[in-house]
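To keep things clear, I will list the structure first and then write my remarks on it.
Naming convention: chains lettered A, B, ... in sequence-line order (proteins, then strands); numbering from 1 in each chain.
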Amino acid sequence: MTLLYFAWLRQKIGKSEEQLELPPHITTLAELVEYLRGQGSGYADTLADTTRIRAAVNQTHVGLDTAIRNTDEVAFFPPVTGG
Amino acid sequence: MTLLYFAWLRQKIGKSEEQLELPPHITTLAELVEYLRGQGSGYADTLADTTRIRAAVNQTHVGLDTAIRNTDEVAFFPPVTGG
Amino acid sequence: MTARISIQTGDFDVSREIAALTGVQAHVGAVATFTGIVRGDDGLIALTLEHYPGMTEREIARHADEANARWKLDGITVIHRIGRLETGAQIVLVAVASSHRGDAFAACEFLMDYLKTRAPFWKQEERADGTHWVEARESDDRAAERWR
Amino acid sequence: MTARISIQTGDFDVSREIAALTGVQAHVGAVATFTGIVRGDDGLIALTLEHYPGMTEREIARHADEANARWKLDGITVIHRIGRLETGAQIVLVAVASSHRGDAFAACEFLMDYLKTRAPFWKQEERADGTHWVEARESDDRAAERWR
């Protein structure tokens with residue numbers, strides 16, 4: 001799975017992109033967020049308040065209840081501010 | 001009085017501008033039109049149908065009942081078509 | 001608010017006009033423009049435009065003032081070409097600067113509706129079979145009516 | 001209808017974009033454009049824009065298609081700059097060609113409202129006291145709501 005981070009999420013996590021082998025028991029975005037929070041304080045702090053975070057799966061805006069697979073491109077970012 | 005003609009009125013009358021010493025008995029645009037119709041067939045033909053003609057006095061759109069003076073700039077033209 | 005109004009035979013450069021509008025004030029955030037092009041889809045070869053020198057500029061300036069009273073604007077540029085213009089040529093530019101995009105759009109459309117209907121211009125169309133003067137159009141009048 | 005969408009660091013030339021839109025078809029009679037400028041009225045030094053490569057272009061293309069379905073259009077150009085942009089710099093251009101000026105204006109405003117609210121861009125403001133990420137604004141959301 002490709003994970004992408006934008007704006008202040010990118011800055012706080014300290015990377016813009018990473019590859020993840022999705023653990024088989026993780027099937028939704030919400031579960032993925034929970035899993036990432038366990039990967040260190042950078043993730044835990046950044047992903048603490050999900051009301052401030054939006055997500056896209058394969059470049060489509062989705063909610064946190066969305067099902068995901070290991071081949072997906074998943075992006076986390078703040079609400080878009082437009083250009 | 002300065003008289004100006006635009007578009008097909010200019011073409012039919014054969015001039016774009018002329019000076020006229022306004023006869024004292026002429027006090028409105030309608031009377032001026034009537035007077036000009038007597039100045040030859042070019043004027044008579046061009047000014048025959050006043051529904052096709054618009055006028056301005058001193059660069060302001062006005063109706064044919066408008067009072068005029070010898071110092072005015074009077075223009076006759078077709079309804080504007082815009083740019 | 002400054003308004004620049006030019007009736008001219010020569011062409012114009014939209015980029016340069018935008019730069020002139022935005023170069024002055026730091027708070028300009030939006031420039032809406034409209035560029036009219038002589039359409040050639042109907043066998044038209046060229047248009048020849050005539051105007052009423054003096055009155056045309058004055059009337060456009062009056063409508064620019066009205067736009068400025070209705071919306072929050074930073075600058076207006078109106079350029080209208082006259083003389084013979086072949087199809088594909090730029091014929092009119094309205095550019096409106098504002099710190100609010102909605103105001104810029106509304107004022108630009110308002111001025112275009114005015115220019116296309118009530119401004120003292122007369123157009124002659126040139127086709128293969130000769131030239132004729134264009135009659136006033138009702139649909140354009142309806143567009144201008146919206147603003148009353 | 002063709003749509004050209006470019007997310008780029010470099011500047012753009014509005015005149016050239018208008019010429020590209022009108023040079024193709026004989027029946028283009030109207031080009032409405034909107035140029036956004038980085039406003040410097042509030043102590044702002046610069047904006048730095050970030051986008052989601054791929055998704056941004058796709059979403060803009062989807063909205064260009066929607067504009068084309070709603071209005072009678074001949075061409076759309078959307079250019080959005082990213083990276084660091086100082087105040088006074090051009091940041092966004094939407095240009096819409098049509099044979100009808102009302103359609104050109106409506107589609108241009110529709111696309112701008114989308115770009116300013118829902119397009120996947122994030123902005124960082126740079127001021128004398130440092131930088132901070134811009135939060136989403138409600139008034140812009142209301143502007144975009146109009147089109148629903």
Taking every non-hydrogen pair under 4.5 Å, which of Gly36(C), Cys108(C), Gly102(C) racks up the most with chain D?
Cys108(C)
Can you check whether Arg101(C) reaches Asp113(D) side chain to side chain, under 4.5 Å on heavy atoms?
yes
side-chain hydrogen bond (donor to acceptor under 3.5 Å, both in side chains) against Thr56(C), all qualifying residues, sequence neighbours excluded
none
Looking at Val14(D), Thr35(D), Val94(D), Ile18(D), which makes the most heavy-atom pairs under 4.5 Å with chain C?
Thr35(D)
Any residue meeting side-chain contact (heavy atoms from CB on, under 4.5 Å) with Leu47(D), in chain and number order, not counting sequence neighbours:
Val38(D), Leu44(D), Leu49(D), Ile91(D), Lys123(D), Glu125(D)
Taking atom CZ of Arg16(D) as the centre, report whether more than 12 heavy atoms of other residues, nucleotides or ligands fall under 6.0 Å from it.
no
Quick check against the 3.5 Å criterion: does Ser15(D) have a side-chain atom that pairs as donor or acceptor with the backbone of Asp13(C)?
no
Please indicate whether Glu135(D) has more than 12 foreign heavy atoms, meaning atoms of other residues, nucleotides or ligands, lying under 6.0 Å from its CD.
no
If I take atom CZ from residue Phe34(D) and atom CZ from residue Phe105(C), how far apart are they, to the nearest 0.5 angstrom?
5.5 Å
Mind ranking Ala97(C), Ala95(C), Ala30(C), Ala104(C) by heavy-atom pairs under 4.5 Å with chain D and telling me who comes out on top?
Ala30(C)
